[in-house]
Amino acid sequence: MSRYSAAEIEANWQAAWNKAGIFRAERSGDKPKYYVLEMFPYPSGRIHMGHVRNYTMGDVIARHKLLTGHNVLHPMGWDAFGMPAENAAMASGGHPKDWTYSNIADMRSQMKPLGLSIDWSREFATCDPEYYGQQQALFLDFLEKGLVYRKNAVVNWDPVDMTVLANEQVEQGRGWRSGALVERRELTQWFFKISDFSEELLSALDGLENWPAKVRLMQENWIGKSRGLQFSFDRTDGGGPIEVYTTRPDTLLGASFVGVSPDHPIAKALEADNPQIAEFAAECRKVGTTEEAIETAEKLGLDTGIRVKHPLNPEWELPVWIANFILMDYGTGAIFACPAHDQRDLDFCRKYDLPVIDTFFALEDPAPVVNDAFVPPKTDRVKWVNHFAGIDKATGQEAIDATIEFAEKAGWGQGVTNYRLRDWGLSRQRYWGCPIPVVHCETCGVVPEKKENLPIQLPDDVTFDLPGNPLDRHPTWRNCSCPSCGADALRETDTMDTFVDSSWYFARFTAPRSERPTEMAEAEYWMNVDQYIGGIEHAILHLLYSRFFARAMQITGHLPDKAIEPFDALFTQGMVTHEIYQNTVRKTAEGRTLYHYPEEVEWVNGACQAKETGDPVRVIPSAKMSKSKNNVVDPVAIIRQFGADTARWFVLSDSPPERDVEWTASGAEAAFKHLSRVHRIVTEICADESDDSSPDADEALLREMHKAIHDVTVGVESFGFNAAIARLYAFTNTLSKSGAGSAAKHQAAEALVLLMSPMTPHLSEELWSMLGREGLVAMAEWPVPDEKMLVDDTVTLPIQINGKRRAEISVPRDMEKAEVEKLALANHAVVRSLDGAQPKKIIVVPGRIVNVVI
RNA sequence: GCGGGCGUGAUGGAAUGGUAGACAUACCAGACUUAAAAUCUGGAGGCCGUAUGGCCGUGCGGGUUCAAGUCCCGCCGCCCGCACCA
């Protein structure tokens with residue numbers, strides 16, 4: 001009898017799929033389309049288990065949709081620009097392009113053995129000039145519509161590498177590569193006008209019903225809408241008024257001082273002729289804009305000497321301070337501080353000995369503020385001790401609304417809606433990215449490149465021996481003629497943030513070889529992505545940028561109206577984790593913690609120890625796979641050992657897809673054993689030519705088959721892959737123990753093989769053909785359960801006494817309630833419990849349960 | 001600080017308000033084997049009992065309900081996201 005040989009089976013069937021070309025997607029009118037997409041990978045060179053899990057989930061959906069008569073688009077590409085390629089070039093002297101394309105080739109060859117139903121004819125990398133040239137065309141169209149612009153902005157600047165760093169690339173205030181202290185620097189940079197879409201991006205979240213609530217909430221918080229009062233303080237020296245924004249105008253009577261950002265125009269003006277202020281501002285600027293830097297930074301302030309008048313009382317003067325915690329790009333870059341009701345303001349006032357106006361609202365009796373500010377929730381009703389705007393007792397929110405209304409009527413302020421979302425700075429002083437297609441001309445200024453000159457290609461002859469952007473020091477690449485006047489001019493040497501590349505690739509997949517960014521007919525047909533799958537780490541940046549891009553592409557005529565929310569459904573899958581084995585007595589030669597590889601440890605008398613030395617080993621459960629922790633499981637090795645179907649089966653089983661799944665050797669082995677078992681069972685069924693049948697056993701098996709069809713279908717269609725697999729295990733057990741005849745078993749085996757096929761496509765093809773079915777199981781028809789077979793004629797009803805199960809009875813499914821009641825009361829457990837008494841109540845839920853209340 | 005999520009056997013986890021622990025791992029026993037592996041069969045939440053059986057049981061404390069892992073209130077613990085955002 002043949003044994004299950006994954007290596008042989010998988011290669012054969014992949015060849016058969018390729019030959020039949022069944023995964024190639026073409027527009028067609030006679031089937032509903034379905035576009036399933038997994039977030040495309042960065043070509044690091046190695047696939048990891050997270051990729052396997054992500055793509056397997058997408059593949060299950062794609063294959064299931066194929067079987068249910070859909071025209072499926074399931075593409076794959078490479079998010080190929082970015083710093084690792086440049087860093088590799090700097091470290092080893094190669095070229096980012098060679099490094100990237102060779103990694104892509106490696107990863108593709110690791111990915112193909114997984115047997116994914118991908119249309120590889122649509123593959124592209126974002127570093128292909130054919131792709132980034134179209135991205136440059138998009139940029140020019142956005143520029144024309146005012147969706148991208150240039151402005152001066154404060155950024156993280158690495159003074160050693162001489163480049164801007166993203167916030168994520170700054171660790172503890174230092175550049176992650178150079179280790180240099182990051183500075184804040186003002187640079188003229190390109191920005192996408194995403195902030196124009198704040199309200200739209202926020203309100204449209206409500207329509208994304210098939211997105212995880214968590215992701216919608218994260219985006220909502222990120223956009224950060226707030227309602228407040230904007231008004232100005234007049235200066236006593238006759239200088240221009242200082243605009244401030246506050247979400248708590250109800251605390252205006254507790255104002256202690258007015259604060260401005262070190263980057264505020266007032267601070268800048270003072271800086272010019274006041275060395276003390278200039279020094280202070282420079283001090284503030286040294287601190288990066290990252291979370292770490294901000295959190296550890298001390299609150300610093302400096303009195304400007306300027307005084308302003310309180311809007312409600314011209315006699316009341318407030319000092320104006322420069323404070324390092326005030327952000328220029330939120331609100332107006334200036335605030336008023338109310339120490340009684342804001343902890344940060346209170347701390348600042350105590351530090352600099354500024355006046356603290358006593359509590360003027362309270363829940364009960366006002367208590368003087370000492371070291372803790374009094375901050376009642378906006379929904380609480382508070383008692384007003386000293387108030388304006390006619391407020392007496394109200395909730396905080398009512399007070400805010402009343403105050404805004406009061407200020408608007410009195411004419412000294414107005415209600416303003418603010419968003420936290422800032423424009424997206426896309427300029428990077430990097431080589432390995434999409435060149436920004438503009439030219440700097442001495443006479444014409446910043447001029448967009450002509451579309452016929454696209455793509456503006458990256459030059460190949462660059463070196464990475466010096467820090468900074470190689471494009472800046474390239475001898476000829478920068479030189480060009482002005483598209484407007486024809487005079488000698490210089491190219492922009494900044495490239496685009498790599499998030500730009502991934503913000504529209506999903507649209508490009510609908511027409512990957514087009515001479516334009518998209519083809520409307522194709523986009524109209526294939527968009528939107530029906531199911532998008534990826535990691536939660538992209539919940540904000542990538543998904544928000546893509547939503548902005550879809551809108552911008554709609555405005556510029558590259559996407560149809562219906563695609564402004566490009567992802568109909570989103571699923572965020574969990575990680576694949578693995579135990580870590582930490583040696584508790586020995587360190588590495590370098591004195592670091594010693595972590596063992598899984599194969600280096602063993603269990604002895606319930607304790608984990610190192611095989612070689614017998615050292616005790618601490619087992620840290622369920623940790624993210626990481627090279628430094630030696631707990632990475634290589635998919636290539638797993639596929640070699642067990643086959644792709646086993647890897648696919650395992651990553652889907654055990655844990656719900658949105659949760660982390662822990663990779664265990666025993667689990668992977670069990671998956672392999674199970675597939676081997678299915679192979680053996682089906683082989684035996686095929687070999688059984690006996691003409692037996694047993695009506696009862698046949699019927700029982702076929703009923704189970706229909707139930708399995710139902711449950712697995714529900715599981716696959718609702719991301720319940722683990723439940724679907726559990727159901728398939730159970731059905732396999734049923735089949736192997738069934739006393740049914742060979743014909744019924746054959747029929748059940750066909751169903752089993754077909755139901756497994758989205759998860760284990762190769763094994764299913766093999767068994768499908770072994771069972772004598774013509775054609776590919778990948779192109780078969782997904783089974784539909786017979787509703788009549790899903791309900792049994794007799795059901796087992798649990799009998800509860802006072803809500804606790806005490807017995808069960810077997811009754812015909814449609815038995816009358818009264819009959820069921822009678823049977824229940826005759827039950828020995830009920831009789832015993834009643835002990836002659838009458839039950840208070842009997843609840844009969846037909847087909848479900850009986851509860852006798854005593 | 002603000003926002004969100006999760007607590008179920010040794011483990012991963014099942015369970016439209018209706019038999020808690022499906023399915024799997026690990027474990028135990030048995031069959032086959034000279035032996036092991038593989039395979040097959042069976043067992044298993046805890047406590048008491050030879051057993052029929054009984055009591056307890058989904059982080060803790062209350063509540064709603066004939067019935068609560070599931071709904072409500074209050075704690076405790078863990079995880080995640082955001083955060084000098086005025």
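Source: prediction; values computed, not measured. Lettering follows sequence order; numbering is per chain, from 1.
Using the Watson-Crick or G-U wobble rule with both distances under 3.5 Å, C2(B) pairs with G81(B). Taking a pair to require two hydrogen-bonding distances under 3.5 Å in either a Watson-Crick or a G-U wobble arrangement, G17(B) remains unpaired. With a 3.5 Å ceiling on both atom-pair distances, U34(B) lacks any Watson-Crick or G-U wobble partner. Using the Watson-Crick or G-U wobble rule with both distances under 3.5 Å, G7(B) pairs with C76(B).
For A83(B), the OP1/OP2 oxygens have a side-chain nitrogen or oxygen of Arg420(A) closer than 4.0 Å. Here Lys624(A) does not reach the OP1 or OP2 of C79(B): none of its side-chain N or O atoms lies under 4.0 Å away. In this structure, Arg680(A) does not reach the A38(B) phosphate: none of its side-chain N or O atoms is under 4.0 Å from OP1 or OP2. For G4(B), the OP1/OP2 oxygens have no side-chain nitrogen or oxygen of Lys214(A) closer than 4.0 Å. The side chain of Arg805(A) places no N or O atom within less than 4.0 Å of a non-bridging phosphate oxygen (OP1 or OP2) of A67(B). The phosphate of G54(B) has OP1 or OP2 within less than 4.0 Å of a side-chain N or O from Arg832(A). Phosphate contact (OP1/OP2 of A24(B), side-chain N/O of Tyr729(A), threshold under 4.0 Å): absent.
The pair Lys707(A)-Asp792(A) counts as a salt bridge, with a side-chain nitrogen and a carboxylate oxygen less than 4.0 angstrom apart.
Without hydrogens or angle criteria, Lys841(A) side chain to Ile854(A) main chain gives no donor-acceptor distance under 3.5 Å. Put simply, the side chain of Arg727(A) never gets that close to the backbone of Thr713(A): no donor and acceptor are under 3.5 Å apart.
Heavy atoms of Lys225(A) sit nowhere under 4.0 angstrom from any nucleic acid atom. Nucleic acid contact for Thr246(A): sugar-phosphate only, since backbone atoms but no base atoms lie under 4.0 Å from a heavy atom of the residue. Base contact: Tyr245(A) has a heavy atom under 4.0 Å from a base atom. Lys673(A) comes within contact range of the sugar-phosphate backbone alone, with a heavy-atom separation under 4.0 Å but no base atom that close.
In this structure, of A86(B), G3(B), C66(B), it is G3(B) that holds the atom nearest to the side chain of Asn221(A).
Between the C1' atom of A86(B) and the CG atom of Asp250(A) lies a distance of 13 Å, rounded to the nearest Å. Arg53(A) places its CZ atom 11 Å from the C1' atom of G12(B), with the value rounded to the nearest Å.
Nucleotides G7(B) and G59(B) place their P atoms 8 Å apart, quoted to the nearest Å.
Of the residues near RNA chain B, Thr332(A) and Arg677(A), the one whose nearest nucleotide (by heavy atom distance) lies more toward the 5' end is Arg677(A).
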